2 protein chains.
Amino acid sequence: MATLKYSRQRESIQEFLNASCDHPTADDVYMNVRQQYPNISLGTVYRNLNLLAELGEAIKITTPNGGVHFDGRTEPHYHFCCNECGNVLDLELEQLNCINEAAGKNFDGVIESHEMLFYGTCKDCLKQN
Amino acid sequence: MATLKYSRQRESIQEFLNASCDHPTADDVYMNVRQQYPNISLGTVYRNLNLLAELGEAIKITTPNGGVHFDGRTEPHYHFCCNECGNVLDLELEQLNCINEAAGKNFDGVIESHEMLFYGTCKDCLKQN
DNA sequence: TACAATTATAGTAACTATTATCATTATTGA
DNA sequence: TCAATAATGATAATAGTTACTATAATTGTA
């Protein structure tokens with residue numbers, strides 16, 4: 001099995017992810033890290049974001065409008081996606097642990113986890129109307 | 001505003017969607033409807049699936065493994081996505097209506113709806129281990 | 001039934017997001 | 001310092017989806 005080797009690019013990607021309050025896309029990360037490493041490749045950004053997600057050091061959030069967002073906050077929590085601007089935000093809501101069991105009651109299979117995405121209009125988009 | 005005109009291709013797509021118990025992808029629909037209309041275009045399938053979703057006569061389900069599935073059952077319900085095979089199945093679980101309100105408590109914005117996707121291993125994939 | 005207006009289609013090209021390839025560079029342990 | 005190997009940048013390739021356009025189908029009206 002390949003052993004992990006340090007890279008400054010990966011470190012920079014992870015630092016940006018941890019420092020950002022919103023949930024950047026791969027392109028957002030690329031645009032930002034480029035300021036520090038001007039000739040970093042977009043492929044490197046994708047490779048490392050997926051690697052961090054596999055290692056459990058980042059969460060991948062897939063939204064229906066097609067965008068994939070990344071989150072450096074790794075403890076499980078829920079997200080909100082604005083119908084107007086598409087931005088993804090964190091939600092303060094306790095984790096519903098017992099719901100996996102409830103969902104498994106009438107289901108032939110094993111349920112291990114769940115993800116929930118709330119929809120509506122964010123604060124900024126409310127202002128603009 | 002353009003008025004909707006009947007097309008047999010759209011009818012066939014909708015019929016297949018309503019008759020299928022699983023949740024086909026655009027390509028699944030294409031492969032099936034092609035048996036009835038051998039030279040239907042994949043573009044026609046996409047156009048009509050998106051149209052049906054806009055009209056509220058189908059639900060679009062986006063899964064993290066990248067696949068987009070369609071569901072002819074339009075009343076709100078939850079879904080399960082198998083980590084092994086990627087198939088999407090319906091879940092028998094009452095709708096959590098009060099959760100939108102609970103999520104809105106500490107949130108600056110309006111929450112209108114939510115989607116929940118459960119993960120685990122489906123019956124068929126359990127057998128194979 | 002015929003016709004005109006308009007929408008939908010098939011076929012294809014274009015596009016976007018992401019992944020694969022590969023020669024070169026960086027990291028690591030001895 | 002050096003050898004082994006993983007990571008990178010640049011680019012090509014891929015997959016899924018949408019856009020374009022000439023032709024065909026549908027619909028309302030006479």
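Predicted model only: the values in this text are computed from it and were never measured. Proteins come first, then strands; the chains are lettered A, B, ... in the order of their sequence lines, and each starts at number 1.
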Legend entry - B:D90 side chain near B:R73 side chain, heavy-atom distance below 4.5 Å: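 Side-chain contact under 4.5 Å: yes.
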Inset, instruction - Verify whether one side chain among B:N87 and B:H23 offers a donor that lies under 3.5 Å from an acceptor in the other. - result: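 No - no donor-acceptor pair under 3.5 Å links their side chains.
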Legend entry - Distance-only side-chain donor-acceptor flag, A:H69 / A:D28, under 3.5 Å: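 No.
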For atom [atom1] of [X] and atom [atom2] of [N], their distance in whole Å:
X	N	atom1	atom2	answer
B:K60	D:dT18	NZ	C1'	11 Å
B:Q14	C:dA8	CD	P	14 Å
B:Y46	C:dT16	OH	C1'	13 Å
B:E54	C:dA8	CD	P	12 Å
B:F70	D:dG16	CZ	P	13 Å
B:E11	C:dT7	CD	P	20 Å

Inset, instruction - Identify whether A:F70 and A:F16 are in the same connected component of the hydrophobic contact network (ILVMFWY, side-chain heavy atoms under 4.5 Å). - result: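 They do share one cluster, since a chain of ILVMFWY contacts under 4.5 Å joins A:F70 to A:F16.
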Legend entry - Under 4.0 Å protein heavy-atom contact, by nucleotide of nucleotides 7-15 of chain D - B base, S sugar-phosphate only: SBBB-----
Legend entry - side chain to side chain donor-acceptor pair (under 3.5 Å) partners of residues 34-50 of chain B, not counting sequence neighbours, each pair once: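 Listed by first then second residue: B:R10-B:N48, B:S12-B:Q36, B:Y30-B:R34, B:T44-B:R47, B:N50-B:K60.
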Legend entry - Any A:N50 side-chain N or O less than 4.0 Å from OP1/OP2 of C:dT19: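 So the side-chain polar atoms of A:N50 do come within 4.0 Å of the phosphate oxygens OP1 or OP2 of C:dT19, strictly under.
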Inset, instruction - Please confirm whether B:F80 and B:Y119 have ring centers closer than 6.0 angstrom. - result: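 No: the rings miss the under 6.0 Å criterion.
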